[in-house]
Amino acid sequence: MAFLNKTALTPLLLTYDNVSMYLHIDHQECALFGVESSEPFYRIHEPLLLAHGIMTDAKTVHLVVLKTSGELCYTLISGSSMPQTTLIAQLDVRTTKYRRLFLFPQGKIIHIFYASTHQAIPDVWHIEHRLWNGSSWLSTRMGEVVHPREPLYHVNLDSQGNLHFLTVTFQGRYSLLFTNRFNGTFNIWGSPAETLKIPGEIVDIAALMTSDNVHHLYWIVKTPNGQFELRSAQQADAHELSSTWHPAPAPIKTFTAPCKNIGALEINGVLWLLARTGEEVLMINNGNGWRLISSKPALHQPLLWVHKARRNFHQTYWLEDQTERRAPAFYHELGFTIKDKVTPAPTLVQTIQPILNQFIPPVPAFYPGQMPSDLSSPALVTLNEAESSTPSLIEVDVIPEVIEAPSTTATTATTATTATTNIPDNSSEDVSPSLPMKDNIELERLITTVAQLEQENTKLSDVLQSMLSKFDQILGAISDNVNQPKQPRKSKQKTSHSEESEHPQIVFETSFEEPDAVKEAMANLEKETEGLSQVLRVMMAKQEQSDSSLENLGLQISQLQEDKEVKNKGGFWNKWIT
């Protein structure tokens with residue numbers, strides 16, 4: 001149990017475009033707050049070792065927590081639906097400590113990264129990748145990082161959905177940068193490659209991917225004279241596997257005091273760097289080089305900032321503002337404005353709009369990319385509100401389209417397929433519990449609909465019969481034309497008078513040979529016509545099945561009418577309601 005209480009937990013600021021949430025974390029619980037709520041709308045009342053989250057839209061939050069029991073759990077909070085949690089794995093927390101969580105939900109694919117080290121070899125960190133592929137959790141060991149304090153690795157996401165994996169390991173006098181890429185299209189990792197060799201021991205790193213897929217890496221390195229330098233490198237195009245890293249020749253800034261952490265952001269194409277030494281130093285680069293914006297005493301508390309937008313992603317170390325709750329430090333300098341909070345939310349209950357037509361499957365078989373855009377923000381709902389927001393039975397009226405004589409075969413096939421597919425599903429077991437109770441109106445409407453469908457099916461049957469007969473005629477005409485023998489015809493030939501009288505000759509003209517292309521076209525036309533004829537026959541068979549289904553449905557409706565006349569109306573419906 002030596003490692004259980006050594007993890008320094010940092011709160012998270014989760015942002016998606018201009019919407020934000022705040023995840024408070026301590027060793028006893030974690031709680032998720034809205035920006036303007038004084039009470040959390042989601043809370044875990046269990047001791048935790050690690051917690052991490054990300055927003056994938058304005059109303060959807062994904063959480064990963066590691067409990068002191070060793071359970072690694074994934075939780076989905078979406079709109080007004082109930083939070084759903086699944087157990088990923090049972091980890092060893094007695095002899096192993098864990099650091100630096102990353103979470104990337106991408107449609108039906110979910111990526112989770114974390115680092116772990118055994119108490120016997122505390123300087124060697126193992127990076128683990130947990131992948132939900134839509135049906136099961138997979139695990140991949142990404143490699144090792146050697147560092148005496150923290151696992152120096154980072155994961156970034158480019159505009160094409162590829163993951164870029166960076167690790168920095170210390171080997172005596174040098175720190176080595178290794179990179180790898182996860183192909184989002186084929187869901188496979190590439191081969192790790194050593195891409196940069198940096199003199200000295202790196203204290204901390206920060207990395208970001210801009211919206212135009214330029215990869216930036218920043219690090220703090222300890223120099224032989226005891227100073228600390230903030231340096232950078234850049235990869236011009238992260239999509240190119242052969243794209244190299246180009247380190248800047250000069251340091252961005254030099255510090256005399258030890259530098260603990262650094263963070264990096266891109267906001268509207270402008271780069272920001274935050275370094276925490278004895279002071280909190282904020283720098284900006286708008287394309288004209290780095291310049292100092294602010295330098296204050298180190299008073300703010302650490303904050304992990306996870307930002308997800310439509311085109312970019314950032315996860316970086318940052319600081320929390322002292323005066324404005326749940327806001328990042330230097331928000332004035334970054335260009336953010338905080339809304340005035342006139343009246344905080346008085347209770348945990350918030351006004352929500354229920355989801356009528358969306359059913360969320362059990363986590364993790366959930367696809368955030370398919371969530372409707374009108375979902376309301378997450379909230380806790382009391383029992384009375386949940387009952388009042390429960391949708392009533394949705395009544396669907398079947399309104400058949402008037403089927404005219406089709407002009408093309410495709411139209412006929414589509415109409416027949418639609419009628420064949422939809423009609424047999426209306427069995428008596430599905431219809432009878434859903435019938436309304438007032439004056440039998442819906443029953444009469446259903447009888448009318450069945451009559452209309454029978455009439456339209458009769459028309460469609462006649463049209464198909466007519467078309468089938470015409471295609472048979474066409475097929476026969478083509479066969480007769482192809483098999484008809486060539487007839488000889490006479491030609492006049494000039495001869496002498498004697499030869500005409502003594503030896504009258506009948507000379508056959510050279511018969512016209514059809515080109516091979518014409519023969520092949522005729523053969524193909526004949527095959528296609530035969531195939532089309534078979535399709536029409538299959539359609540006729542399905543149409544007969546549909547007619548049979550309609551007859552059965554009519555008999556079932558008649559039986560329902562008879563049962564209604566015999567049985568007590570209230571008793572019949574009370575049976576289904578109860």
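Model, not experiment: these values are computed from the prediction. The first residue of the sequence shown is numbered 1, and numbering continues consecutively from there. Hydrogens, waters and symmetry mates are skipped; everything else that's a heavy atom, side chains included, is used.
In this structure, Leu265 and Thr316 have side chains that are in contact, with non-hydrogen atoms separated by less than 4.5 Å. Side-chain atoms of Leu131 and Ile109, non-hydrogen and from C-beta on, do get closer than 4.5 Å to each other. Counting heavy atoms from C-beta on, the side chains of Ile252 and Glu229 never come closer than 4.5 Å. Residues Trp290 and Leu273 form a side-chain contact, since some pair of their non-hydrogen atoms from C-beta on lies under 4.5 Å apart. Residues Gln234 and His215 form no side-chain contact, since every pair of their non-hydrogen atoms from C-beta on lies 4.5 Å or further apart. Counting heavy atoms from C-beta on, the side chains of Gln235 and Val214 never come closer than 4.5 Å. Side-chain contact between Leu319 and Leu274 is present, with heavy atoms from C-beta onward closer than 4.5 Å. In this structure, Ile127 and Val145 have side chains that are in contact, with non-hydrogen atoms separated by less than 4.5 Å.
Taking the six-membered ring for Trp, Phe33 and Tyr42 have ring centres at least 6.0 Å apart.
If you take CZ on Phe313 and OG on Ser159, they are separated by 14.5 Å, rounding to the nearest 0.5 Å. From Gln160, atom CD reaches atom CG of Asn213 across 6.5 Å, with rounding to the nearest 0.5 Å. In this structure, the separation between CG on Leu217 and CE on Met209 is 11.5 Å, given to the nearest 0.5 Å. Taking CG of Asn268 as the start and CG of Leu334 as the end, the distance is 11.0 Å to the nearest 0.5 Å. Rounding to the nearest 0.5 Å gives a distance of 9.0 Å between OH of Tyr74 and CG of Leu63. Separation of atoms NE2 (His118) and OG1 (Thr96) is listed at 5.0 Å; rounding is to 0.5 Å.
Side chains of Ser116 and Trp125: a donor-acceptor N/O pair is absent below 3.5 angstrom, by distance only. Checked by atom type, the side-chain pair His246/Thr244 shows a donor-acceptor distance below 3.5 Å. There is no side-chain donor-acceptor pair under 3.5 Å between Asn312 and Ser211. At a cut-off of 3.5 Å, with distance as the only test, no side-chain donor of His147 or Thr169 sits close to an acceptor on the other residue.
When each of Leu48, Leu72, Leu49 is checked for a side chain to side chain contact (heavy atoms under 4.5 Å, CB included) with Val65, only Leu48 meets the rule. Checking each of His52, His307, Lys308 against Gln315 for a side chain to side chain contact (heavy atoms under 4.5 Å, CB included) leaves exactly one that passes, namely His52. Trp272 pairs with exactly one of Asn286, Leu208, Ile267 by the side chain to side chain contact (heavy atoms under 4.5 Å, CB included) rule, that one being Ile267.
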- [ ] For side chain to side chain donor-acceptor pair (under 3.5 Å), just list the numbers for Trp305 and Thr15, CA-CA rounded to whole Å, side-chain angles, deciding distance to a tenth of an Å, and then say yes or no.
- [x] CA-CA 8 Å; Trp305 193 345; Thr15 56; 3.2 Å; yes
Practice prompt. Report the C-alpha distance between Thr86 and Leu76 in whole Å, list the side-chain angles of each, state the deciding distance to 0.1 Å, and finish with yes or no for side-chain contact (heavy atoms from CB on, under 4.5 Å).
Written response: CA-CA 9 Å; Thr86 185; Leu76 171 68; over 6 Å; no
Q. Leu304 and Leu13: side-chain contact (heavy atoms from CB on, under 4.5 Å), yes or no, with the steps?
A. CA-CA 6 Å; Leu304 184 63; Leu13 177 65; over 6 Å; no
Practice item. Could you give me the CA-CA distance, side-chain angles and deciding distance for His62 and Thr56, then say whether side chain to side chain donor-acceptor pair (under 3.5 Å) is met? Key: CA-CA 8 Å; His62 305 255; Thr56 52; 3.0 Å; yes
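Side-chain atoms of Ser81 come within 3.5 Å of backbone N or O of Ser78 as a donor-acceptor pair. With hydrogens and angles ignored, the 3.5 Å screen pairs no side-chain donor or acceptor of Glu71 with any backbone N or O of Leu91. Not one N or O on the side chain of Gln84 forms a donor-acceptor pair closer than 3.5 Å with the backbone of Thr75.
Identified under the salt bridge (Lys or Arg N to Asp or Glu O under 4.0 Å) test for residues 124-133, with sequence neighbours left out: Glu128-Arg141. Each salt bridge (Lys or Arg N to Asp or Glu O under 4.0 Å) pair with one or both residues in residues 202-220, not counting sequence neighbours, appears once here: Arg100-Asp204.
The ring pair (Phe, Tyr, Trp, His ring centres under 6.0 Å) test applied to Trp219 returns no partner, not counting sequence neighbours. Judged as a side-chain hydrogen bond (donor to acceptor under 3.5 Å, both in side chains), and not counting sequence neighbours, the contacts of His164 are Asp158. Annotation: side-chain hydrogen bond (donor to acceptor under 3.5 Å, both in side chains) contacts of His332 (sequence neighbours excluded): none. Applying the side-chain hydrogen bond (donor to acceptor under 3.5 Å, both in side chains) test to Asn285 and every residue at least two apart in sequence or in another chain returns nothing. Taking the ring pair (Phe, Tyr, Trp, His ring centres under 6.0 Å) definition, one finds that His111 meets it with His129, Phe182, sequence neighbours left out. Every residue two or more places apart in sequence or in another chain was checked for a side-chain hydrogen bond (donor to acceptor under 3.5 Å, both in side chains) with Ser136, and none qualifies. With sequence neighbours excluded, no residue forms a salt bridge (Lys or Arg N to Asp or Glu O under 4.0 Å) with Arg291.
Under the 30°/60° scheme for interplanar angles, the aromatic rings of Phe113 and Phe165 are found to lie parallel.
The number of heavy-atom neighbours closer than 6.0 Å to NZ of Lys260, taken from other residues, nucleotides and ligands shown, is 12 or below. Applying the 6.0 Å contact sphere to CD1 of Ile121 captures no more than 12 heavy atoms from other residues, nucleotides or ligands.
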Do any side-chain atoms of residues 16-26 form donor-acceptor pairs under 3.5 angstrom with protein atoms, and if so which ones, sequence neighbours left out?
unit_1 : atom_1 : unit_2 : atom_2 : d
Asp17  : OD2    : Arg310 : NH1    : 2.3
Tyr22  : OH     : Glu320 : OE1    : 3.2
Tyr22  : OH     : Glu320 : OE2    : 3.2
His24  : NE2    : Asp26  : OD2    : 3.3
Asp26  : OD1    : Gln28  : N      : 2.9
Asp26  : OD1    : Glu29  : N      : 2.7

For residues 191-198, tabulate all N or O donor-acceptor pairs below 3.5 Å that involve a side-chain atom, not counting sequence neighbours.
unit_1 : atom_1 : unit_2 : atom_2 : d
Thr195 : OG1    : Leu177 : O      : 3.4

Using residues 275-282 as the side-chain source, report each donor-acceptor pair under 3.5 Å to any protein atom, sequence neighbours left out, with the distance given to one decimal.
unit_1 : atom_1 : unit_2 : atom_2 : d
Arg276 : NH1    : Tyr317 : OH     : 3.4
Arg276 : NH2    : His300 : O      : 3.0
Thr277 : OG1    : Glu279 : N      : 3.2
Thr277 : OG1    : Glu279 : O      : 3.4
Glu279 : OE1    : Ser295 : OG     : 2.7
Glu280 : OE1    : His300 : ND1    : 2.6
Glu280 : OE2    : Leu299 : N      : 2.9
Glu280 : OE2    : His300 : N      : 2.9
Glu280 : OE2    : His300 : ND1    : 3.4

